[in-house]
Asks: 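Pasting a structure below so you can have a look.
This chain uses plain numbering: 1 for the first residue, then up along the sequence.
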Amino acid sequence: MIRLSLLQFRVQAAVGAAALAAFAILLAVTGPHLASLYATSGIDGCQPASCEHLASDFLQQVYGAGSYSVLYLAGVIIILLTPAIIGLFWGAPLIARELETGTSSLAWNQSVTRTRWLAVKLTVGGLAAMAVTEGLSLMQAWWAAPIGRAVGYGGGGNELAMGRFSSLVFATHGITPLGYAAFGFCLGVTAGALIRRTVPAMAVTLAVFAVLQIAMPLWIRPHLFPAERTVVPITSLDSIALLQGGLNGSRFNLGALNVPGQPGAWVLSSGTVDAAGTPAVVSPAACTGPSVENSPAGFVGCLASHGFRETIGYQPASRYWAFQWTETAIYLVLALILAGCSFRRLGRRLS
């Protein structure tokens with residue numbers, strides 16, 4: 001049965017191998033030059049006061065080259081879409097196609113039981129899906145390592161400056177692609193078993209996968225672990241987002257983009273409080289005069305002189321792998337639940 005399943009899976013295996021080979025060649029051709037740009041940037045061995053500036057210059061150089069930034073973002077998108085594509089074209093037709101073509105009565109009435117048939121199919125397809133997706137992720141991580149190191153040194157200024165906790169980077173690096181691939185494949189199989197038609201099952205697979213991939217970074221992942229909270233002087237922030245109704249206005253919104261003393265931390269929320277610890281969105285009258293007009297730094301300094309501080313909710317960088325393992329486990333559990341639903345459905349009379 002295993003040998004037969006491997007033979008039946010040869011087309012999908014060939015497509016997956018070709019995709020990996022093409023991706024590997026593209027990255028192998030461009031990777032050495034990207035690494036050489038990093039080596040000549042002076043980031044390695046830099047003094048703390050100059051590291052951020054050098055890292056930003058390197059990211060700007062890579063971004064200005066055009067092809068590297070396009071390749072980086074294209075690789076991220078490919079890895080994000082791969083589990084969904086696997087669910088659509090490997091998972092959804094697995095059972096639905098047998099039912100549509102009428103071959104189910106032949107396939108499931110031989111010496112091989114339905115349970116064994118599905119177990120082998122899920123094992124072969126699931127492992128292949130995980131191998132292809134994680135293979136793409138590992139190659140992308142190797143190629144983009146110079147960019148990641150520059151971001152770790154505080155580099156910024158363009159779209160390449162995405163930290164490890166950013167939605168795109170977190171979902172395409174580490175071990176989470178394994179969970180996404182297993183879930184996408186089992187989701188497609190289950191949709192095919194329930195709907196019994198390939199095209200509608202593909203549509204449902206895509207819709208459910210997209211909804212969960214949107215919900216996870218927005219509403220689920222930030223709450224997997226209790227957030228740490230700190231209150232810091234607003235003048236200690238390296239990066240801020242300042243929104244005002246004009247510098248002449250009295251209302252403002254000061255958002256922290258980093259946590260002092262916590263490099264690489266994931267900022268979940270931030271807000272300004274006054275000297276009494278009360279949330280503040282209205283600036284003192286002294287901070288709205290001509291002396292602070294058109295001067296964000298002067299405005300922030302004025303707020304600080306009146307006792308305004310920034311309260312920040314964040315996840316420390318040290319929790320990165322805890323988040324990776326937890327989210328991967330969630331998707332693997334969902335994949336097992338979906339596989340169980342497929343076994344249950346297949347155990348019933350389907351025709």
Asks: If Ile, Leu, Val, Met, Phe, Trp and Tyr residues are connected whenever their side-chain heavy atoms lie under 4.5 Å apart, and connections chain through other members, are L346 and L99 in the same group?
Replies: yes
Asks: Check the side chains of T190 and S342 for a donor-acceptor pair under 3.5 angstrom, ignoring hydrogens and angles.
Replies: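 S342 vs T190: donor-acceptor pair found between side chains.
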Asks: Identify the heavy atoms of R196 and E100 that sit nearest to each other, and give their distance.
Replies: O-CG, 3.6 Å
Asks: Taking side chain to side chain contact (heavy atoms under 4.5 Å, CB included) as the test, write out the residues that go with S166, two or more places apart.
Replies: M162, V169
Asks: For the hydrophobic clusters of this structure (ILVMFWY residues joined by side-chain heavy atoms under 4.5 Å, transitively), does one cluster hold both L80 and M130?
Replies: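 Different clusters.
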Asks: Taking all non-hydrogen atoms of both residues into account, name the closest pair between P177 and A171 and its distance.
Replies: CG-O, 3.8 Å
Asks: Are there over 12 heavy-atom neighbours, none belonging to W325, within less than 6.0 Å of that residue's CH2?
Replies: no
Asks: Can you list, by chain and residue number, the hydrophobic cluster partners of I337 when the side-chain cut-off is 4.5 Å?
Replies: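 For the cluster that includes I337, the remaining residues are V333.
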Asks: Could you list the donor-acceptor pairs under 3.5 angstrom formed between side-chain atoms of residues 208-225 and any protein atom two or more places apart in sequence or on another chain?
Replies:
| unit_1 | atom_1 | unit_2 | atom_2 | d |
| --- | --- | --- | --- | --- |
| Q213 | OE1 | Y331 | OH | 2.4 |
| R221 | NE | E327 | OE1 | 2.7 |
| R221 | NH2 | E327 | OE1 | 3.4 |
| R221 | NH2 | E327 | OE2 | 3.0 |

Asks: Would you call the rings of F170 and Y320 parallel, tilted or perpendicular, where under 30° means parallel and over 60° means perpendicular?
Replies: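 Correct class here is perpendicular.
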Asks: Do N158 and L59 come close enough that some side-chain heavy atom pair is under 4.5 Å?
Replies: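 A side-chain contact under 4.5 Å exists here.
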Asks: Determine which pairs satisfy side chain to side chain donor-acceptor pair (under 3.5 Å) with at least one residue from residues 255-268, sequence neighbours left out, and list them in order.
Replies: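 Qualifying pairs, neighbours excluded: none.
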Asks: Here's a test for you: under ring-ring contact (aromatic ring centres under 6.0 Å, His included), which of Y153, Y63, Y38 qualifies with F58?
Replies: Y38
Asks: Are L187 and L88 connected, step by step, through hydrophobic side chains (Ile, Leu, Val, Met, Phe, Trp, Tyr) whose heavy atoms are closer than 4.5 Å?
Replies: no
Asks: Can you hop from V282 to L303 via hydrophobic side chains spaced under 4.5 Å?
Replies: no
Asks: Only distances under 3.5 Å count here; give the side-chain donor-acceptor pairs of residues 12-24 to other protein atoms, sequence neighbours excluded, each with its distance to 0.1 Å.
Replies:
none

Asks: Please say yes or no: joined through hydrophobic side-chain contacts below 4.5 Å, possibly via intermediate residues, are L160 and I79 part of one cluster?
Replies: yes
Asks: Mind checking whether F252 and F299 have ring centres under 6.0 Å apart?
Replies: yes
Asks: Could you check if a side-chain atom of D57 sits within less than 4.5 angstrom of a side-chain atom of H53, using non-hydrogen atoms only?
Replies: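 Touching, per the 4.5 Å side-chain cut-off.
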Asks: Charged N to carboxylate O below 4.0 Å: is that the case for R319 and E228?
Replies: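 Salt bridge between R319 and E228, a charged N being under 4.0 Å from a carboxylate O: yes.
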Asks: Can you see which heavy atom on T205 is nearest to which on A92, and at what distance?
Replies: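 Heavy atoms of T205 and A92 come nearest at OG1-CB, 4.4 Å.
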Asks: Going by the rule side chain to side chain contact (heavy atoms under 4.5 Å, CB included), which residues pair with P93 if we only count those two or more places apart in sequence or in a different chain?
Replies: R97, T198
Asks: Would you sort out whether L268 and Y314 count as a side-chain contact (heavy atoms from CB on, under 4.5 Å), showing the intermediate values?
Replies: CA-CA 5 Å; L268 300 176; Y314 68 98; 5.6 Å; no
